[in-house]
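The structure appears right after this line, and notes come after that.
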Amino acid sequence: MAIELYWGSGSPFAWRVMLTLAVKGLDYESKLLEFSKGENKSPEYLKLNPRGKVPTLKDGDFVNYESLAIMSYLERKYPEPPLFGNSPEETGLIWRFLTECESYLVSAGDKIVRPIFFGKGLDKLDEIQQAAQTIRQELKTLEEHLAHATWLVGAQVSAADIAVFPMIQLILRAASKEAAQPFNLQWFPLASLYPNLARWVERIEALPNYQRTYPPHWRA
Ligand SMILES: N[C@@H](CCC(=O)N[C@@H](CS)C(=O)NCC(=O)O)C(=O)O
């Protein structure tokens with residue numbers, strides 16, 4: 001039975017799972033949900049994921065949600081190529097990047113990306129500036145780390161790269177919006193401000209099957 005992936009265009013969390021499937025060369029049935037039509041809150045979908053969020057993965061009778069939980073399930077079920085490290089040290093470092101990403105990039109991103117995209121809460125200037133500063137600090141930390149590394153952990157792409165990358169793409173897209181201009185975010189252009197990070201982004205974009213993971217509405 002095919003793997004089914006419920007996802008939304010532009011969701012960085014769904015993008016993580018799509019990249020995991022791409023790198024592991026796993027085919028899946030795409031179940032693209034339209035938030036604007038409330039498809040993620042339909043009674044059928046809420047039976048799979050009571051939070052009404054994406055991503056959700058169904059593999060045979062097994063259903064799971066939360067992007068990192070899905071990634072770790074896929075790793076155990078389809079171990080090749082390994083994405084959670086080749087040694088205890090690599091696994092520990094990968095989990096450090098994952099939890100740092102949730103604690104800093106994701107939580108700061110939520111306070112600023114949402115207002116920029118949806119126009120709500122743009123008046124919370126202090127909160128936005130503080131979140132922007134957290135993100136600049138995280139970009140700087142990643143930039144310095146990538147001065148000496150091709151991938152975030154180990155000699156090949158790992159769950160750390162796959163989980164962080166969609167957040168970077170999301171914040172760059174937010175920074176390019178007109179609503180972001182008054183905040184002087186200094187996240188952009190990546191190639192001149194954060195050249196190591198820009199090269200790492202290009203490496204991920206060159207992964208096999210990457211194109212299928214790119215949010216369709218971002219192409220427009
Ligand atoms: N922690 C969750 C976050 C999932 C999430 O927030 N998904 C968003 C899209 S980026 C969503 O489905 N939002 C719809 C809603 O909350 O109604 C994960 O890692 O999967």
Side-chain angles (χ1 to χ4, degrees), residues 3-24 26 28-59 62-77 83-84 94-121 127-128 131 134-135 138 152 158-177 179-180 204 212-220:
I3 294 173
E4 294 173 15
L5 177 67
Y6 295 80
W7 61 290
S9 181
S11 161
F13 308 105
W15 202 352
R16 289 172 169 176
V17 176
M18 296 172 101
L19 284 167
T20 304
L21 292 163
V23 170
K24 288 186 175 287
L26 296 168
Y28 58 93
E29 202 175 305
S30 158
K31 305 273 190 184
L32 174 59
L33 301 183
E34 301 276 352
F35 293 148
S36 58
K37 296 185 188 154
E39 289 177 351
N40 55 316
K41 305 292 177 196
S42 73
E44 304 81 64
Y45 185 65
L46 291 175
K47 276 187 209 148
L48 297 175
N49 181 341
R51 295 189 189 277
K53 292 180 186 281
V54 294
T56 298
L57 182 121
K58 189 167 183 304
D59 189 7
F62 180 68
V63 177
N64 205 7
Y65 49 87
E66 286 294 321
S67 56
L68 300 181
I70 297 171
M71 288 169 72
S72 94
Y73 162 76
L74 290 171
E75 176 75 1
R76 284 296 301 268
K77 180 98 188 200
L83 289 177
F84 281 81
I94 288 166
W95 274 104
R96 195 189 77 202
F97 275 100
L98 298 180
T99 50
E100 283 183 320
C101 182
E102 301 313 90
S103 301
Y104 307 110
L105 267 186
V106 171
S107 60
D110 213 42
K111 294 196 182 86
I112 180 163
V113 169
R114 211 174 278 273
I116 290 172
F117 282 145
F118 303 112
K120 280 189 194 150
E127 190 173 293
I128 289 179
T134 300
I135 289 176
E138 292 310 299
L152 290 179
S158 78
D161 304 289
I162 283 174
V164 172
F165 172 84
M167 287 310 301
I168 301 290
Q169 293 290 56
L170 186 74
I171 63 175
L172 291 179
R173 185 165 167 91
S176 72
K177 297 280 174 193
I204 295 182
R212 187 182 177 192
T213 72
Y214 193 79
H217 84 278
W218 287 15
R219 291 186 196 279

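We count ligands from 1, going down the list as the structure has it; atoms in each ligand are counted the same way.
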Show me, by chain and number, every protein residue that has a heavy-atom distance under 4.0 Å to ligand 1.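 Ligand 1 is contacted, at a heavy-atom distance under 4.0 Å, by S11, P12, F13, F35, N40, K41, G52, K53, V54, P55, E66, S67.
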The criterion is salt bridge (Lys or Arg N to Asp or Glu O under 4.0 Å); which residues satisfy it with [X], sequence neighbours excluded?
X	value
K53	none
K24	E75
E127	none

Determine, stepwise, if the pair W15 / T213 fulfils side-chain hydrogen bond (donor to acceptor under 3.5 Å, both in side chains). CA-CA 6 Å; W15 202 352; T213 72; 2.9 Å; yes
Set out, in order, the CA-CA distance, both residues' side-chain angles and the distance that settles side chain to side chain contact (heavy atoms under 4.5 Å, CB included) for C101 and V106, then state yes or no. CA-CA 6 Å; C101 182; V106 171; 4.2 Å; yes
Are any of the side-chain nitrogens in R16 or E102 under 4.0 Å away from the carboxylate oxygens of its partner?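 Salt bridge between R16 and E102, a charged N being under 4.0 Å from a carboxylate O: yes.
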